[in-house]
Amino acid sequence: MAQGALRGPSDYSREPPRHPSLRINAKEPFNAEPERRDLAAAYITPVDLFFKRNHGPIPVLDDIDSYCVTIGGLAGRPRRLSLDDIRKLPKYNVTATLQCAGNRRTEMSKSRKVRGVGWDVCALGNATWGGAKLSDVLQLVGVPYHTEITPSGGKHVEFISVDQCPEEKGGPYKASIPLGQATNPAADVLLAYEMNGEVLKRDHGYPLRAIVPGVIGARSVKWLDRIDIIEEESQGFFMQKDYKMFPPSVDWDNIVWSTRKPQMDYPVQSAICSLEDISAVKPGQVIVAGYALSGGGRGIERVDISPDGGKSWFEAHRYQKQGVPYVAGNVTSDKWAWVLFKAIVDVKGDTEIVAKAVDSSANVQPESVESIWNLRGILNTCWHRVRLLATPNLRCFM
């Protein structure tokens, strides 16, 4: 347990307040996402509308004055750091999108059944995270920038939470990243204590969490207790027996978890948020808007829109910050953040609208969900399709 953390008997029954518009996908543990239109309404996702992903009850850390995180393992000079110690380090603000690996799982399950919390297209959000760089924190324990392996053999950095997960038999959630990534200042890995300029909320890791840009959200561990430098990657459940990408031929009878590495970067992704899976619209001009993103800091080179189910295509307008043209890889663009897109489609009759993105390494979303189906329903990045029903006499109510 984090040093100085006070847990009363009601800690795990005190649920934080949440926005009433959230779509609740599971109550215990609490998992929820915003509505599509709410998500795409702003480049920076409001905290209240940021998706909530939990694997266990949400802990309460009340005694913040005595809270500290232990930095240890195969480090040169292990030590305990208070929140004030971390705040004394240079503060960085990093705008980064966190995406659950299970985003769009519900769609994949329609092809073949998968296991996991059902998510629509909104299990992600874009925020500006404030905190200290992990590379600076590790220097305090004798690990220099750009270290791939410590003298004692450490090659990975493990984040350990204070929460309690059934999959860990009541133990804490844990995950790791390579030491070279953790000690690279340009990787922008943070120990964050702010989100969108405010102190972290409980749902999002108060008082301190890891932010690992460009990789699946499962590696950005909340409610930090320990950070250990270790020889091999974390042996936690969510590194070794979950969040791995298997081919469609693997099922629960023949799976061998050790044959795949833990998933880190996420593939190129996009989704339409201005329309539901099936939408009745008046014939005429219809706005098609949504998001696109790719892992590893890769930008979005194109978002292609098809007004006729994939027979023809045209490019959507891409943007991030208002008044600043988006250029993939440019210093004026946020490399770890999503890109929003918008297009106008002239609808004459019933049709299928399709979106697909291309990233700066020319990676393209796969056409079909069947080709990427996997038993855990992760990384559904196939073309996103919505069906429009042209309804001339449609009435709009404000």
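Numbers here are sequence positions counted from 1.
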Under 3.5 Å: donor-acceptor pair, side chain of [X], backbone of [Y]:
X	Y	answer
N374	F246	no
R37	S274	yes
Q263	D265	yes
E168	G236	no
Q365	A357	yes
T351	P307	yes
N54	N31	no
D163	W223	no
N254	D251	yes
T95	A337	no

Would you call [X] and [Y] a side-chain contact if the rule is heavy atoms closer than 4.5 Å?
X	Y	result
N126	Q320	no
C382	E107	yes
L22	F51	no
L124	L39	yes
L89	L191	no
I211	V94	no
L293	Y266	yes
V189	V157	no

For the residue pair D84 and S82, confirm or rule out a side-chain donor-acceptor distance under 3.5 Å.
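Their side chains do not contain a donor-acceptor pair, so the 3.5 Å distance test is not met.
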
Any side-chain donor near an acceptor of the partner, K52 and H204, under 3.5 Å
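There is such a pair (donor and acceptor under 3.5 Å, judged by atom type) between the side chains of K52 and H204.
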
Spatial distance of atom [atom1] ([X]) from atom [atom2] ([Y]) [nearest 0.5 Å]:
X	Y	atom1	atom2	result
I71	R226	CD1	CZ	8.5 Å
N103	L98	CG	CG	12.0 Å
D304	E315	CG	CD	6.0 Å
M195	I44	CE	CD1	9.5 Å
N363	E301	CG	CD	12.0 Å
S152	K155	OG	NZ	11.5 Å

Who passes side-chain hydrogen bond (donor to acceptor under 3.5 Å, both in side chains) against D38, sequence neighbours left out?
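Not a single residue meets the side-chain hydrogen bond (donor to acceptor under 3.5 Å, both in side chains) criterion with D38.
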
On a heavy-atom basis, which atom in [X] and which in [Y] lie closest, and how many Å separate them?
X	Y	value
K244	M239	CE-O, 3.2 Å
K321	D334	NZ-OD1, 3.6 Å
A32	W119	O-CZ3, 3.5 Å
R202	E15	NH1-C, 4.1 Å
A210	L224	N-CD1, 3.7 Å
E35	R23	OE1-NH2, 3.0 Å

Any salt bridge linking D203 with K201? Criterion: basic side-chain nitrogen under 4.0 Å from a carboxylate oxygen.
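No, this pair does not count.
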
Do NZ/NE/NH1/NH2 and the carboxylate oxygens of D277 and R36 come within less than 4.0 Å?
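Counted as a salt bridge, because a side-chain N and a carboxylate O are separated by less than 4.0 Å.
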
Checking I287 now: which residues fulfil side-chain contact (heavy atoms from CB on, under 4.5 Å) with it, not counting sequence neighbours?
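Per chain and number, I287 pairs via side-chain contact (heavy atoms from CB on, under 4.5 Å) with A289, K342, I344.
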
Contacts of V256 that satisfy side-chain contact (heavy atoms from CB on, under 4.5 Å) - sequence neighbours left out:
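Listed in chain order: S258, T259.
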
Are [X] and [Y] joined in one hydrophobic group, where the rule is that I, L, V, M, F, W and Y side chains link up if heavy atoms are under 4.5 Å apart?
X	Y	result
V354	V364	no
I177	I230	no
W383	I272	no
L388	V288	yes
V137	L74	yes

Does the pair M264 and V212 meet the rule for a side-chain contact (heavy atoms from CB on, under 4.5 Å), with working shown?
CA-CA 10 Å; M264 300 303 284; V212 187; 5.8 Å; no

Would you list the pairs meeting salt bridge (Lys or Arg N to Asp or Glu O under 4.0 Å) in which at least one residue belongs to residues 130-153, sequence neighbours left out?
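Of all non-adjacent pairs touching residues 130-153, those that pass salt bridge (Lys or Arg N to Asp or Glu O under 4.0 Å) are K133-D188.
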
Please test I86 against V69 for side-chain contact (heavy atoms from CB on, under 4.5 Å), starting from the C-alpha separation and ending with a verdict.
CA-CA 10 Å; I86 293 170; V69 61; 3.8 Å; yes

Which ring pair (Phe, Tyr, Trp, His ring centres under 6.0 Å) pairs, counting each pair once, include a residue from residues 269-301, with sequence neighbours left out?
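Pairs touching residues 269-301 that pass the test: Y291-W338.
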
Provide the full list of ring pair (Phe, Tyr, Trp, His ring centres under 6.0 Å) pairs with a residue in residues 129-164, sequence neighbours left out, each pair given once.
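Listed once each, the pairs are F50-W129.
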
Out of V114, N25, L379, which one pairs with R105 under the side chain to side chain contact (heavy atoms under 4.5 Å, CB included) rule?
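Single pass found, and it is V114.
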
Derivation and outcome, side-chain contact (heavy atoms from CB on, under 4.5 Å), residues S333 and V339:
CA-CA 9 Å; S333 301; V339 173; over 6 Å; no

For the residue pair F238 and Y243, does the interplanar ring angle fall in the parallel (under 30°), tilted (30 to 60°) or perpendicular (over 60°) class?
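Correct class here is tilted.
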
Passes side-chain contact (heavy atoms from CB on, under 4.5 Å), L179 versus T147? Steps please.
CA-CA 7 Å; L179 182 61; T147 297; 3.8 Å; yes

